[in-house]
*Asks:* 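Got a structure for you, written out below as structure tokens; questions coming shortly.
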Amino acid sequence: MSLTLDTYRLLGRSGLRVSPLALGTATFGTDWGWGAEKDEARRVFDLYVERGGNFIDTANTYTDGSSERLLGEFTRDRRESLVLATKYTTLRRPGDPNSGGGHRKSLFASVEASLRQLGTDYIDLLYLHVWDFTTPVEEILRGMDDLVRQGKVLYLAICNAPAWQVSRMQAIADLRGWSPLVALQIEYNLIERTGERDLIPMAREMGLGVIPYSPLAGGVLTGKYSRDDLTAENGASDDGTRRNFNRAVGTLTERNLALADVVKEVATELGRTPAQAGLAWTLRNPSVTAPIIGARTRTQLKDNLGALTVEFTDSQLARLDEASAIALGFPHDMLAGDHIRKVTAGDLKIETRR
């Protein structure tokens with residue numbers, strides 16, 4: 001089914017309406033060596049909003065704060081109509097151990113800084129950005145709930161955290177009457193499907209909308225890289241390019257380039273671009289609310305938005321799924337076997353509606 005940016009979806013178990021593609025703004029600003037200058041970032045933002053988009057994603061330390069500051073300027077005249085999402089936990093001041101982490105001091109200071117940079121008095125959606133393995137979950141949840149009660153934050157979310165911790169937090173929030181989590185942000189794309197093991201099923205059961213970041217695997221699925229980019233002389237990790245960042249985090253590999261070739265083949269059959277095909281595959285998952293697109297230019301954004309109208313054939317989907325398939329591992333593979341149904345239900349016919 002074709003979508004548009006104003007085909008709004010509910011975010012998790014909330015009544016908040018968001019666009020089916022979120023605009024990621026880690027590309028707003030050039031402080032990290034790549035990204036969009038202010039004027040081009042403004043053009044990208046304006047195009048997204050003009051097409052009906054309302055879901056904007058940033059973080060307190062994206063491009064060293066430039067992302068939030070630019071958004072504060074861009075959203076000034078239309079703040080009420082937008083859903084602004086930002087994050088906390090990444091280190092804001094090197095050398096200061098309490099300027100990062102999930103704890104209460106970091107949380108409150110980070111939110112106040114984001115409010116100043118965004119030029120607003122409330123944040124629509126606040127994510128815990130990175131799990132720190134040290135802060136008690138009760139401290140995180142109570143601190144976030146306090147911010148909701150103060151009106152500085154409206155909804156809560158989490159990313160980059162173990163599934164068992166997220167489900168534990170949701171249960172505690174429900175039992176204590178604290179504000180629940182409504183969204184889970186994870187890396188999810190044809191190259192990175194491990195979220196299908198536990199994170200995505202957990203989100204579905206716990207009422208969290210899944211917000212995939214890097215739906216094009218850092219650009220690898222667009223077909224922009226070749227086997228030449230795998231060689232050592234082309235892969236020095238200190239020149240600040242996106243290519244070398246992808247090499248450093250393990251996204252640029254022979255296996256992933258082979259998968260990108262399959263995406264390109266399917267896209268050619270559809271008369272679409274590889275980026276559109278890769279994004280459209282992510283959008284098909286019923287647990288996914290809104291993938292985050294990180295366009296640096298209006299041209300890239302226009303291309304990405306074309307994913308909303310891509311329709312695959314069954315054969316094309318099968319090829320993409322086969323090329324990107326992962327083993328779910330224990331206990332998922334075991335529980336999927338017919339023998340488990342036989343030992344738990346015998347010959348009874350039981351309809352499954354999930």
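All residue numbers refer to positions in the sequence shown, counting from 1. Side-chain atoms are counted along with the backbone in the values below, which use heavy atoms only and exclude waters and symmetry mates.
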*Asks:* Looking at His103, is its backbone amide N or carbonyl O close enough to the side chain of Ser106 to form a donor-acceptor pair, meaning the two atoms are under 3.5 Å apart?
*Replies:*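 No, the answer is negative, given that no donor and acceptor are paired below the 3.5 Å cut-off.
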*Asks:* Would Lys38 and Glu73 pass as an ion pair if we require N to O under 4.0 Å?
*Replies:*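 So Lys38 pairs with Glu73 through a salt bridge.
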*Asks:* Residues in ring pair (Phe, Tyr, Trp, His ring centres under 6.0 Å) with Phe55, at least two apart?
*Replies:*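 For Phe55, no residue satisfies ring pair (Phe, Tyr, Trp, His ring centres under 6.0 Å) once neighbours in sequence are set aside.
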*Asks:* Among Thr135, Leu128, Leu126, Thr89, which residue satisfies the side chain to side chain contact (heavy atoms under 4.5 Å, CB included) criterion with Leu107?
*Replies:*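 Exactly one option meets the side chain to side chain contact (heavy atoms under 4.5 Å, CB included) with Leu107, and it is Leu126.
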*Asks:* Has the side chain of Thr58 got a donor or acceptor atom that lies under 3.5 Å from a matching backbone atom of Thr25?
*Replies:*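 Side chain of Thr58 to backbone of Thr25: no pair is present.
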*Asks:* Salt bridge between Glu40 and Arg43, side-chain N to carboxylate O under 4.0 Å?
*Replies:*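 Salt bridge flag = yes for Arg43 with Glu40.
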*Asks:* Do Lys152's NZ or CZ and the ring of Tyr122 fall within the cation-pi criteria of under 6.0 Å and 45°?
*Replies:*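 Judged by the rule (NZ or CZ under 6.0 Å from the ring centre, within 45° of its axis), Lys152 is not positioned above Tyr122.
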*Asks:* Quick check: does any side chain N or O of Asp124 sit under 3.5 Å from a backbone N or O of Ala85, one acting as donor and the other as acceptor?
*Replies:*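 Side chain of Asp124 to backbone of Ala85: no pair is present.
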*Asks:* Taking only Lys NZ, Arg NE, NH1 and NH2, and the carboxylate oxygens of Asp or Glu, determine whether Asp321 and Arg284 approach each other closer than 4.0 Å.
*Replies:*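 Looking at Arg284 together with Asp321, the answer is no, because their closest N to O distance does not fall below 4.0 Å.
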*Asks:* Looking at Asp145 and Arg176, does any basic side-chain N land under 4.0 Å from a carboxylate oxygen?
*Replies:*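 A salt bridge is absent here (no side-chain N lies under 4.0 Å from a carboxylate O).
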*Asks:* Do Val210 and Met202 come close enough that some side-chain heavy atom pair is under 4.5 Å?
*Replies:*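 The answer is no, as the side chains (C-beta and beyond) never meet within the 4.5 Å cut-off.
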*Asks:* Please say which of Glu192, Arg193, Arg319 ends up in a side chain to side chain donor-acceptor pair (under 3.5 Å) with Ser324.
*Replies:*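 Output: one option passes, namely Arg193.
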*Asks:* Please report the shortest heavy-atom distance between Ala277 and Ala267, naming the atom on each side.
*Replies:*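 Heavy-atom minimum between the residues: CB-CB, 4.0 Å.
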*Asks:* Decide, yes or no, whether a salt bridge links Asp174 with Arg13 under the criterion of side-chain N to carboxylate O below 4.0 Å.
*Replies:*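 Yes, charged N to carboxylate O under 4.0 Å.
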*Asks:* Looking at Asp146 and Arg104, is there a salt bridge between them, counting it only when a charged N and a carboxylate O are closer than 4.0 Å?
*Replies:*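 Looking at Arg104 and Asp146, the cut-off is met.
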*Asks:* Checking side-chain polar atoms at under 3.5 Å, does Ser19 have a donor or acceptor matched by the opposite partner on Asn54?
*Replies:*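 Ser19 vs Asn54: donor-acceptor pair found between side chains.
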*Asks:* Parallel, tilted or perpendicular: which fits the ring planes of His129 and Tyr62, with parallel below 30° and perpendicular above 60°?
*Replies:*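 Rings of His129 and Tyr62: perpendicular, over 60°.
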*Asks:* Rounded to the nearest 0.5 Å, how far apart are CG of Asn160 and CG of Leu199?
*Replies:*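 Atom-to-atom, Asn160:CG and Leu199:CG are 9.5 Å apart.
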*Asks:* Taking C-beta and beyond as the side chain, do Leu156 and Pro180 meet within less than 4.5 Å on heavy atoms?
*Replies:*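 No - every pair of side-chain heavy atoms lies 4.5 Å or more apart.
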